[in-house]
Amino acid sequence: MVTDWNPVLRDQFVEPYWAELQGFVQHERRASTVFPPEEEVFSALHLTPHNDVKVLILGQDPYHGEGQAHGLCFSVRRDVNIPPSLQNIYKEMQSDIGVVPPTHGNLESWARQGVLLLNAVLTVRAHNAGSHRNRGWEVFTDQIIRVVNAKTERVVFLLWGAFAQKKKQLIDVDRHVVIESPHPSPLSAHRGFFGSRPFSRTNSALTDAGRDPIDWIIPHN
């Protein structure tokens, strides 16, 4: 991982859990199909350098359908149908700030502006949701949250759903801003995700701290 994340995460790569985790994932790749592809597991860190992080959106684990996951939470490749949770994120974006949703689900334009689209678990066995949980990824991604929390500039953490909200304990809420709501999935979006206005609230928190806001408009092509 040759990025500016390497110095702040290097200590993790010598921990016993890391070798066990990588061995497990390699075994899974030999025995079955694993998403995302090996070269895209760390896409969130490659597209959003540590120095650039303004916003952290936390997902749970990658999409497990064919061709969906590409290393960014909630995001899918351009030629893949937009998943229901992302459709609801787009609905709230349009309601909140008037952005017309794109016809695809690729969120790389957010990542390149400093929105760290982090899943708590970075791999999954095909068609088997949650199959790589509790194998060590959470230890690693909790450390990512900690090193983002250690940044002196204000960061906005978007914690959608009960799983993400458990990570609030890793965040200094006096220095950073946490915006919580129910998860955008169809099962829970109507319980308070819709109307939570995360996009405008994030940009207000950034501009209040003298940081540039996020341009949430996603290019259509």
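Residue numbers count from 1 along this sequence.
Linking Ile, Leu, Val, Met, Phe, Trp and Tyr residues whenever their side-chain heavy atoms come within less than 4.5 Å places Val76 and Val115 in a single cluster. In the hydrophobic clustering of this structure, Leu187 does not group with Phe193; members are Ile, Leu, Val, Met, Phe, Trp, Tyr whose side-chain heavy atoms approach within less than 4.5 Å, directly or through other members. Under the 4.5 Å side-chain contact rule for hydrophobic residues, Val100 and Met93 do not share a cluster. Cluster membership check: Val121 shares its hydrophobic cluster with Ile145, using side-chain heavy-atom separations under 4.5 Å among Ile, Leu, Val, Met, Phe, Trp and Tyr.
The closest donor-acceptor contact from the side chain of Arg175 to the backbone of Asn149 lies under 3.5 Å. Using modelled atom types, no side-chain atom of Asn106 and backbone atom of Arg77 make a donor-acceptor pair closer than 3.5 Å. A donor-acceptor contact shorter than 3.5 Å links the side chain of Thr207 to the backbone of Ser204. Under a 3.5 Å cut-off, the side chain of Glu92 and the backbone N or O of Gly195 do form a donor-acceptor pair. A donor-acceptor pair is defined here as one N or O able to donate and one able to accept, closer than 3.5 Å; no such pair exists between the side chain of His183 and the backbone of Gly59. Using a distance-only test at 3.5 Å, with no hydrogens or angles considered, a donor-acceptor pair links the side chain of Lys151 to the main chain of His50. Not a single donor-acceptor pair under 3.5 Å links the side chain of Ser43 to the backbone N or O of Gly71. The closest donor-acceptor contact from the side chain of Asp52 to the backbone of Gly114 lies at 3.5 Å or more, if one exists at all. Within the 3.5 Å criterion, the main-chain N or O of Ile144 finds no donor-acceptor partner in the side chain of Gln12.
Between Lys167 atom NZ and Leu118 atom CG the span is 9.5 Å, to the nearest 0.5 Å. Note that the CG atom of Leu72 and the CG atom of Asn119 stand 8.5 Å from one another [nearest 0.5 Å]. Of the inter-residue distances, the one linking Arg135 atom CZ with Thr123 atom OG1 reads 10.5 Å to the nearest 0.5 angstrom. To the nearest 0.5 angstrom, Thr33 atom OG1 is 12.0 Å from Asn128 atom CG. The structure places CG of Leu86 at 11.5 Å from NZ of Lys91, a figure rounded to the nearest 0.5 Å. Here the CD1 atom belonging to Ile217 is positioned 7.5 Å from the CD1 atom belonging to Ile97, to the nearest 0.5 angstrom.
You'll find the side chain of Val139 stays beyond 4.5 Å of the side chain of Trp18, heavy atoms only. Between Leu9 and Val147, some side-chain heavy-atom pair lies under the 4.5 Å cut-off. Leu56 is not listed as a side-chain neighbour of Val156, based on a closest heavy-atom distance of 4.5 Å or more. In this structure, Lys54 and Gln113 have side chains that are not in contact, with every pair of non-hydrogen atoms separated by 4.5 Å or more. For the pair Leu206/Thr202, a side-chain contact is recorded, criterion being any heavy-atom separation below 4.5 Å from C-beta on. Side-chain contact between Leu117 and Thr48: absent, with no pair of heavy atoms (C-beta onward) separated by less than 4.5 Å. No side-chain heavy atom of Asn203 sits less than 4.5 Å from a side-chain heavy atom of Phe199. Inter-residue side-chain proximity for Leu122 and Asp61 is flagged as unmet; no heavy-atom pair is nearer than 4.5 Å.
Using a cutoff of 4.0 Å between basic side-chain nitrogens and carboxylate oxygens, Glu138 and Arg133 are not scored as salt-bridged.
Ring-plane geometry between Phe42 and Trp137 is classed as perpendicular, the angle between the planes exceeding 60 degrees on a 0 to 90 degree scale with a lower cut at 30.
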Evaluation steps, side-chain contact (heavy atoms from CB on, under 4.5 Å), between Ile57 and Cys73 = CA-CA 8 Å; Ile57 300 178; Cys73 75; 4.1 Å; yes
Yes or no on side-chain contact (heavy atoms from CB on, under 4.5 Å) for Val25 and Glu38, after CA distance, side-chain angles and deciding distance?
-> CA-CA 10 Å; Val25 173; Glu38 197 162 7; over 6 Å; no
Could you go through the side-chain contact (heavy atoms from CB on, under 4.5 Å) check for Val55 and Val155 one step at a time?
-> CA-CA 5 Å; Val55 181; Val155 175; 5.7 Å; no
Working for side-chain contact (heavy atoms from CB on, under 4.5 Å), residues Leu107 and Ile89 = CA-CA 11 Å; Leu107 304 181; Ile89 290 169; 6.0 Å; no
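Smallest separation of non-hydrogen atoms from Leu116 and Ala44: CD1-O, 3.5 Å. Looking at every heavy atom in both residues, Gln165 comes nearest to Leu159 through NE2-O, 3.4 Å. Residue Ala189 comes nearest to Asn88 through the heavy atom pair CB-ND2, 3.7 Å, listed as atom of the first residue, atom of the second, then distance. Heavy atoms only, all atoms of each residue included: Ser85 and Ser185 are closest at OG-CA, 3.3 Å. Scanning both residues, Pro182 and Gly192, for their nearest heavy atoms gives CD-C, 3.6 Å. Minimum interatomic distance between Ala69 and Pro62 (heavy atoms only, all atoms of both residues): CB-CB, 3.8 Å.
The side-chain hydrogen bond (donor to acceptor under 3.5 Å, both in side chains) test applied to Glu108 returns Arg112, not counting sequence neighbours. Residues satisfying the side-chain hydrogen bond (donor to acceptor under 3.5 Å, both in side chains) criterion with Gln94, sequence neighbours excluded, are absent altogether. Remark: His70 pairs with no residue by the ring pair (Phe, Tyr, Trp, His ring centres under 6.0 Å) rule, at least two apart or across chains. Residues that satisfy the ring pair (Phe, Tyr, Trp, His ring centres under 6.0 Å) test with Tyr17, not counting sequence neighbours, are absent from this structure. A search for side-chain hydrogen bond (donor to acceptor under 3.5 Å, both in side chains) contacts involving Arg201 returns nothing, not counting sequence neighbours. Taking the ring pair (Phe, Tyr, Trp, His ring centres under 6.0 Å) definition, one finds that His64 meets it with nothing, sequence neighbours left out. Evaluation of the side-chain contact (heavy atoms from CB on, under 4.5 Å) rule for Arg146 yields Asp142, Gln143, Leu170 as partners, not counting sequence neighbours. For Gln87, there are no side-chain hydrogen bond (donor to acceptor under 3.5 Å, both in side chains) partners two or more places apart in sequence or in a different chain. Taking the ring pair (Phe, Tyr, Trp, His ring centres under 6.0 Å) definition, one finds that Phe194 meets it with His190, sequence neighbours left out.
With respect to Phe74, the ring-ring contact (aromatic ring centres under 6.0 Å, His included) criterion is satisfied by exactly one of Tyr90, Trp160, Tyr63, Trp110: Trp160.
Residue pairs meeting the ring-ring contact (aromatic ring centres under 6.0 Å, His included) criterion with at least one partner in residues 163-182, sequence neighbours excluded, are Phe157-His176. Residue pairs that meet the ring-ring contact (aromatic ring centres under 6.0 Å, His included) test with at least one member in residues 22-41, sequence neighbours left out, are Phe24-His132. Residues in residues 6-34 take part in these salt bridge (Lys or Arg N to Asp or Glu O under 4.0 Å) pairs, two or more places apart or across chains: Glu28-Arg125.
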